Amino acid sequence: GQEPHVLATDGARFSGAFTPRQSGAYRLALVTASGAPVAGDAVVLPITVAPDLPPVLEIPVPGADTNASPDVRLPVVVDVRDDHSLHAVAIESRRVSALGERSAVRRDELSLPAERTDRALLGGTLDLAQMGVLPGDTLRYWAVASDNSPGRQSARSREFVLRILTRAEQRAEQRKQSDALGGKLDSLADASRKLERQTEDLARSQPRDAASQGRQAQNLSFEQAQRAEAVAQDQQQLLEEAEQAKEALAELDRSAQAAGIADSAWQARMAEVRQQLERALSPELREKLQELRDALKDLDAERTQDALKNLAERQEQLREALERTRQLFERAAMEGDLQNLAQESRELADEQQRWNEQVAGADSARAAAQEQQLAARTDSLAQALAQLAKDMEGMAPERGEAMQEAAQSAQQAAQQMKQAAQSAKKGQKPQAQQQGKKAEEQLKPLGDELDEQREDLEQEWQDEVVGELDRALADASRLGE
C-alpha cells in the first residue's frame with residue numbers, strides 16, 4: 001500500500017536506496033524502457049522493521065541500598081546495552097541532608113570505549129568526601145545513558161540509596177570492628193601456641209621413630225610425612241590469617257579516623273600494634289616453612305627434623321609477637337573505647353540540652369519520638385560502659401568500679417529520657433522538660449570522667465614501659481660486670 005520508489009537506471013543496470021516505514025513484503029518490479037514488464041518471477045523482499053529501543057541499564061555493584069562513612073570512595077559498576085549503539089553514559093546523584101534539603105543533581109560522565117559498541121561494563125566511583133556529604137545525609141544515585149540514534153533515546157536505571165552513617169553510628173561500627181579484631185588476635189595467639197607445641201613434639205619424635213626401627217632412617221615414613229605436612233599447612237594458614245588481621249587493623253584505623261577518635265596517643269598505640277604484627281610475619285619464618293616443604297618434597301628424614309627444629313624456634317618468636325600484639329591491641333582498644341564513649345556521652349548531653357530548650361514549642365509526637373531515639377542511644381552507651389567495666393576489672397578493680405558508676409549514670413539518664421518521652425507524648429511539656437534536664441545532668445560529667453580514666457590508663461602503661469626498660473638495663477648492667 002506504499003507509494004512506489006523509483007530506482008535509477010543505467011542501461012541494463014539499476015541502483016538506489018529507500019527507507020522502509022513498516023514491516024512487509026516489498027516487490028521489485030522490473031519494466032523495459034517501453035514500459036513492458038520483464039518476464040519471469042517477481043522478486044519479493046520480506047523486510048521486518050524493528051523499532052529503535054532505548055538503552056537498558058543496571059548497577060550490579062553495589063547492586064543494593066547500603067550505608068557508608070562520609071570519607072568512603074564507593075566503587076560503582078554500570079552494565080549498559082542498546083540495540084543500536086551507545087552514545088553517552090553517566091552516574092547522576094542527589095544529596096539529601098539530614099534535615100531533608102535536596103541538592104542539585106550532580107552528573108559524572110563515564111568513559112565509553114573508543115569504538116562504537118552496543119554493550120559496555122563501566123566502572124565509576126562515588127567520592128563521598130569530594131561530594132561534600134555529611135554524617136546523617138542520604139545520597140540517591142542512578143545511571144543514565146543515551147543511544148546513537150538520531151533521536152538520542154535515553155534511559156535511566158533503578159535508583160539506589162546510600163545512607164551516610166552518623167558519628168554515633170560510625171563509632172558503634174568501629175567498636176564492632178575492634179571487638180572482632182580482638183577476638184581474631186586471641187584466636188591467632190592460641191593457635192600459634194598449639195602449633196608451636198605440635199612442631200616441637202614432632203621434631204622430638206623423629207629420632208625416636210628412627211631408633212624404634214633400629215637404624216637412622218634416611219627417608220620419611222608415610223605417617224611422618226603426613227604429620228609434618230599437616231604442620232606446614234597449619235603454619236601457612238596461620239600466616240594467612242595473620243595477614244588478614246593486618247588488613248583488618250588497617251581498616252580499623254581508617255574507621256577510627258572517620259569516626260573522629262584517632263588522636264595522636266591512640267595512633268601511637270596502634271602503630272605499636274602494627275609493628276608487633278609485622279614482626280610476627282617475619283620473612284625468616286616463611287623461609288623456615290619453605291625449608292620444611294623442600295625437605296618433605298625429597299622425603300629426607302634428617303633435613304625434615306632439622307627444618308622442624310628451626311621452624312619451632314621461629315614459631316616461638318611468632319607466638320611471643322602475637323601475644324604482645326594482643327596485649328597492645330587490648331590496651332589500644334580500651335583507650336579507643338574510652339575516647340569513643342566520651343564523645344558519645346558529650347553528643348548525647350548536647351542533644352538532650354537542645355531537646356530541653358525546644359520541647360516547649362515542639363510538636364508533642366515528634367518531640368516524643370526524638371526523645372525515644374536519644375533514650376535508645378543512651379541505653380547503648382550504658383551497656384558499652386558496663387562491658388568496659390567488666391574488661392577493666394581484671395586490670396584494676398577500682399577502675400572497674402568507676403566504669404560501673406558511669407554505666408549506672410548513663411542508665412539513669414536513659415530512664416529519665418524514656419519518662420520525658422512519655423510526658424511529651426501526653427502533652428505534659430513542663431514535666432517532660434524537667435525530666436529531660438535530669439537526664440542532661442546525669443550525662444554532662446561523663447565525658448570528662450571518661451577522658452580522665454583514659455589519661456590515667458595511658459600514664460600507667462607509660463610507667464610500665466619505663467619500668468620494663470629500667471629492668472632490662474639493670475639486667476644488662478649485671479651481665480656486664
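We count residues from 1, following the sequence as given. Computed from a prediction, not measured in an experiment: that's the story for all the values here.
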(request) For the pair Arg326 and Asp186, find out whether any cationic side-chain nitrogen is under 4.0 Å from an anionic carboxylate oxygen. (result) yes
(message) Between Ser192 (side chain only) and Ala189 (backbone N and O only), is there a donor and an acceptor less than 3.5 Å apart?
(response) no
(message) Between Glu169 and Arg377, does any side-chain N to carboxylate O distance fall below 4.0 Å?
(response) no
(request) Only counting residues at least two apart or in another chain, list the ones meeting side chain to side chain contact (heavy atoms under 4.5 Å, CB included) with Gln198. (result) Leu195, Val231, Asp234
(request) Could you tell me whether a side-chain N or O of Thr378 sits under 3.5 Å from a main-chain N or O of Ala414, the two making a donor and an acceptor? (result) no
(message) Per the ring pair (Phe, Tyr, Trp, His ring centres under 6.0 Å) rule, what does the pair list look like for residues 157-194, sequence neighbours excluded?
(response) Tyr141-Phe160
(request) In plain terms, say whether Asp298 and Arg303 are close enough for a salt bridge, that is, a side-chain N and a carboxylate O under 4.0 Å apart. (result) yes
(request) Work out which heavy atom in Ala203 is nearest to a heavy atom in Lys309; give both atom names and the distance. (result) CB-CG, 3.9 Å
(request) Could you walk me through whether Glu455 and Gln459 pass side chain to side chain donor-acceptor pair (under 3.5 Å), step by step? (result) CA-CA 6 Å; Glu455 290 166 3; Gln459 188 59 52; over 6 Å; no
(request) Decide yes or no on side chain to side chain donor-acceptor pair (under 3.5 Å) for Thr125 and Asp127, but give the supporting numbers first. (result) CA-CA 6 Å; Thr125 302; Asp127 189 337; over 6 Å; no
(message) For Glu452, is the CD atom crowded, meaning more than 12 foreign heavy atoms sit under 6.0 Å from it?
(response) no
(request) Would you mind checking if Lys176 and Asp179 are paired as a salt bridge, meaning a charged N to carboxylate O distance below 4.0 Å? (result) no
(message) Could you tell me if the side chain of Asp451 sits less than 4.5 Å from the side chain of Arg346, heavy atoms only?
(response) yes
(message) Salt bridge or not between Glu401 and Arg399? Use side-chain N to carboxylate O under 4.0 Å.
(response) no
(message) Between Glu291 and Lys288, does any NZ, NE, NH1 or NH2 come within less than 4.0 Å of an OD or OE carboxylate oxygen?
(response) yes
(request) Could you tell me whether Lys418 and Asp379 have a side-chain N and a carboxylate O separated by less than 4.0 Å? (result) yes
(message) Walk me through whether Arg286 and Glu243 qualify under salt bridge (Lys or Arg N to Asp or Glu O under 4.0 Å).
(response) CA-CA 13 Å; Arg286 298 181 190 276; Glu243 288 286 358; 2.8 Å; yes
(message) Is it the case that the side chain of Asp137 and the backbone of Leu134 share a donor-acceptor pair, with hydrogens and angles ignored and the cut-off at 3.5 Å?
(response) yes
(message) Given Gln352, which partner from the list Glu371, Lys437, Gln416, Glu440 fulfils the side chain to side chain donor-acceptor pair (under 3.5 Å) test?
(response) Glu371
(request) Inspect the contact between Asp253 and Arg274 and indicate whether a charged nitrogen and a carboxylate oxygen are less than 4.0 angstrom apart. (result) yes
